[in-house]
Amino acid sequence: MRLGLLIYGDLDTRSGGYLYDRQLVQALEAAGDQVAVISLPPRNYPRHLLDNFSTDLLTRLISANCDVLLQDELNHPSLFLINRRLKRMVSTPLVAIVHHLRSNETSRLRRFYRLIEGSYLKGLDGAIYNSPSTQQTVEALVTIPGVVALPGCDHLDASITDDEIVSRVRQPGPLKVIFIGNLIPRKGLDTLLRALAHLPLQTWSLMVIGNPEIDMRYSRAMVRLCADLGIEGQVHFLGYRSSREVTALLEDGHLLAVPSQDEGFGIVYLEAMGYGLPPLASAAGGAKDLIRHGENGYLVQPGDVEGLVALLQKLHNDRDHLTHLSLAARCTYASHPSWSQSAALVRSFLKNLPQDSL
């Protein structure tokens with residue numbers, strides 16, 4: 001098949017959504033498909049809405065000459081109107097890769113986002129979902145053909161052994177907590193910091209890995225919050241780190257804590273499990289499709305500081321329980337599908353879309 005993929009910016013952007021898109025492209029190409037990436041400049045939401053009136057963009061989409069045009073659903077503000085014009089001119093099926101819905105994020109503009117996003121979704125011929133929960137969220141708005149293709153686990157070389165996991169967990173000392181995610185309100189770093197502030201300082205440390213430049217106001221507020229809470233000595237803001245550096249931190253840590261407001265799936269949870277780190281994750285969204293509460297990690301409600309405090313205390317004090325969680329997390333990772341398996345589901349779905357050239 002000849003496929004197009006429309007994204008904002010660079011496919012090598014470091015985030016879970018771009019990782020999914022990148023790995024899916026690689027797996028599709030390995031299976032013999034051709035994938036042409038169409039990039040739009042990343043801008044703010046209002047400016048993206050103006051893309052719908054761009055003759056140049058419409059021309060680019062028509063001239064892509066592909067059997068199926070994939071679109072990262074993140075691009076919906078640029079496409080909710082232009083897709084309708086495109087479908088009047090070509091028969092190419094339009095399929096979204098849906099990681100999570102913008103309208104599910106807490107915002108005073110939530111109703112506006114839902115209006116735009118719903119209009120976009122209604123104009124699609126199909127959807128690729130990263131989790132059953134994401135599919136359910138979309139189908140609460142519209143009904144369109146779709147396939148669930150879970151993120152694969154084999155982009156990591158997580159070679160840690162069970163014995164190494166047990167030895168790490170049972171070493172005396174503070175609970176080594178890791179946060180990985182862009183420094184934006186949705187990821188819940190402020191909730192985690194407020195919870196950790198309730199614990200004795202000598203019982204924990206926190207490594208924060210993630211891009212601080214997406215929302216500089218929030219990033220600066222998190223540094224100030226640490227000072228206000230008196231925990232700045234325990235929190236290390238590391239910014240970007242190479243894959244090798246992140247791997248070293250995961251190999252040495254005890255726990256991943258990213259209590260987001262919402263996650264479509266949360267690839268970072270799966271990655272941490274590969275190194276035997278049980279995740280403290282959001283109960284909202286797709287993390288529950290991966291994490292079994294109290295068995296291989298924990299699910300907490302968004303903003304639940306008290307709940308986080310209780311779990312962090314328990315995991316620091318009960319290393320036997322933490323060991324059980326850690327080994328179960330590693331087992332979950334080991335049994336997860338590969339990217340090629342997920343790509344095979346996507347290929348089968350795309351080939352069965354109604355179009356003469358497929």
Side-chain angles (χ1 to χ4, degrees), residues 16 150-181 187-188 192 195-196 199-200 202-210 234-236 238 241 243-260 263 265-283 286-300 304 307-338:
L150 296 174
C153 65
D154 51 332
H155 63 281
L156 293 178
D157 183 21
S159 56
I160 193 169
T161 67
D162 287 356
D163 287 343
E164 289 171 331
I165 291 172
V166 172
S167 175
R168 179 188 68 197
V169 174
R170 294 187 181 280
Q171 288 177 358
L175 188 69
K176 298 176 182 178
V177 184
I178 299 175
F179 172 97
I180 301 177
K187 295 294 183 178
L192 177 60
L196 287 168
L199 307 180
Q202 70 274 15
T203 64
W204 62 274
S205 67
L206 174 65
M207 301 292 179
V208 179
I209 305 166
Q234 304 301 110
V235 181
H236 308 277
L238 304 181
R241 283 294 184 265
S243 296
R244 181 175 298 179
E245 290 173 308
V246 173
T247 294
L249 289 165
L250 290 173
E251 288 176 338
D252 188 52
H254 292 137
L255 180 73
L256 178 84
V258 186
S260 300
E263 290 287 348
F265 179 82
I267 292 179
V268 69
Y269 302 141
L270 177 63
E271 291 177 334
M273 286 176 150
Y275 294 93
L277 272 70
L280 291 185
S282 173
K288 59 182 176 289
D289 296 322
L290 175 70
I291 299 167
R292 300 185 303 276
H293 185 74
E295 295 183 24
N296 60 3
Y298 279 100
L299 299 168
V300 295
D304 184 6
L308 268 177
V309 171
L311 289 174
L312 291 164
Q313 287 176 328
K314 177 179 178 62
L315 294 173
H316 171 67
N317 294 329
D318 189 347
R319 293 302 172 95
D320 288 339
H321 180 57
L322 180 56
T323 299
H324 169 78
L325 290 176
S326 300
L327 293 174
R330 172 67 185 178
C331 185
T332 299
Y333 169 84
S335 64
H336 206 71
S338 67

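Since we're looking at a predicted model, the values are computed, not measured.
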### Query
Do you know which two heavy atoms are closest between S159 and E164, and how far apart they sit?
O-OE1, 4.4 Å
### Nearest-0.5 Å distance, CZ of residue R168 to OG1 of residue T323
9.5 Å
### Query
Is a donor on one side and an acceptor on the other found under 3.5 Å between the side chain of E263 and the backbone of S282?
no
## Note on the structure
Between V309 and A195, the two heavy atoms sitting closest are CG2-O, 3.4 Å
### Task
Might you point out which heavy atoms bring G253 and L277 nearest each other, and give the distance in Å?
O-CD1, 3.8 Å
### Query
Which distance, rounded to the nearest 0.5 Å, do you find between the NE2 of H336 and the CG of L150?
4.5 Å
### Task
Measure from the side-chain N and O atoms of H254 to the backbone N and O of S326, and report whether any donor-acceptor pair falls under 3.5 Å.
no
### Query
Is D318 reaching over with its side chain to a backbone N or O of K314, donor-acceptor style, under 3.5 angstrom?
no
### Message
Measuring from atom CE of M273 to atom OG of S335, what distance do you get when rounded to the nearest 0.5 angstrom?
### Response
9.5 Å
### Query
So H293 and Y298, would you call those rings parallel, tilted or perpendicular, with 30° and 60° as cut-offs?
perpendicular
### Query
Within the distance-only criterion (no hydrogens, no angle test), does the side chain of S167 pair as donor or acceptor with the backbone N or O of D163 below 3.5 angstrom?
no
### Query
So, for L280 and Y269, which heavy atoms are closest and what is the spacing to 0.1 Å?
O-CE2, 4.4 Å
### Query
Hey, what do you get for CG (L327) to CD1 (I165), rounding to the nearest 0.5 Å?
5.5 Å
### Query
Can you tell me how far CD1 of I178 sits from CG of L255, rounded to the nearest 0.5 angstrom?
8.5 Å
### Task
Walk me through it: do H321 and L315 pass the test side chain to side chain contact (heavy atoms under 4.5 Å, CB included)?
CA-CA 7 Å; H321 180 57; L315 294 173; 3.9 Å; yes
### Query
Which heavy-atom pair separates L249 from M207 by the least distance, and what is that distance?
CD2-CG, 4.4 Å
### Query
So, K176 and D252, do they make that salt bridge, N to O below 4.0 Å?
yes
### Task
Let me see the working for T332 and R292 under side chain to side chain contact (heavy atoms under 4.5 Å, CB included), right down to the final yes or no.
CA-CA 10 Å; T332 299; R292 300 185 303 276; 3.8 Å; yes
### Task
List the steps, then state whether side chain to side chain contact (heavy atoms under 4.5 Å, CB included) holds for L175 with T203.
CA-CA 6 Å; L175 188 69; T203 64; over 6 Å; no
### Task
For L270 and G152, work out which heavy atoms get closest and say how close.
CD2-O, 3.5 Å
### Task
Enter the distance from L192:CG to L312:CG here, rounded to the nearest 0.5 Å.
7.0 Å
### Message
The test is side chain to side chain contact (heavy atoms under 4.5 Å, CB included); show your working for W204 and Q234 and say whether it passes.
### Response
CA-CA 7 Å; W204 62 274; Q234 304 301 110; 3.4 Å; yes
### Query
Would you say the side-chain atoms of R170 pair up with the backbone N or O of R319, donor to acceptor, closer than 3.5 Å?
no
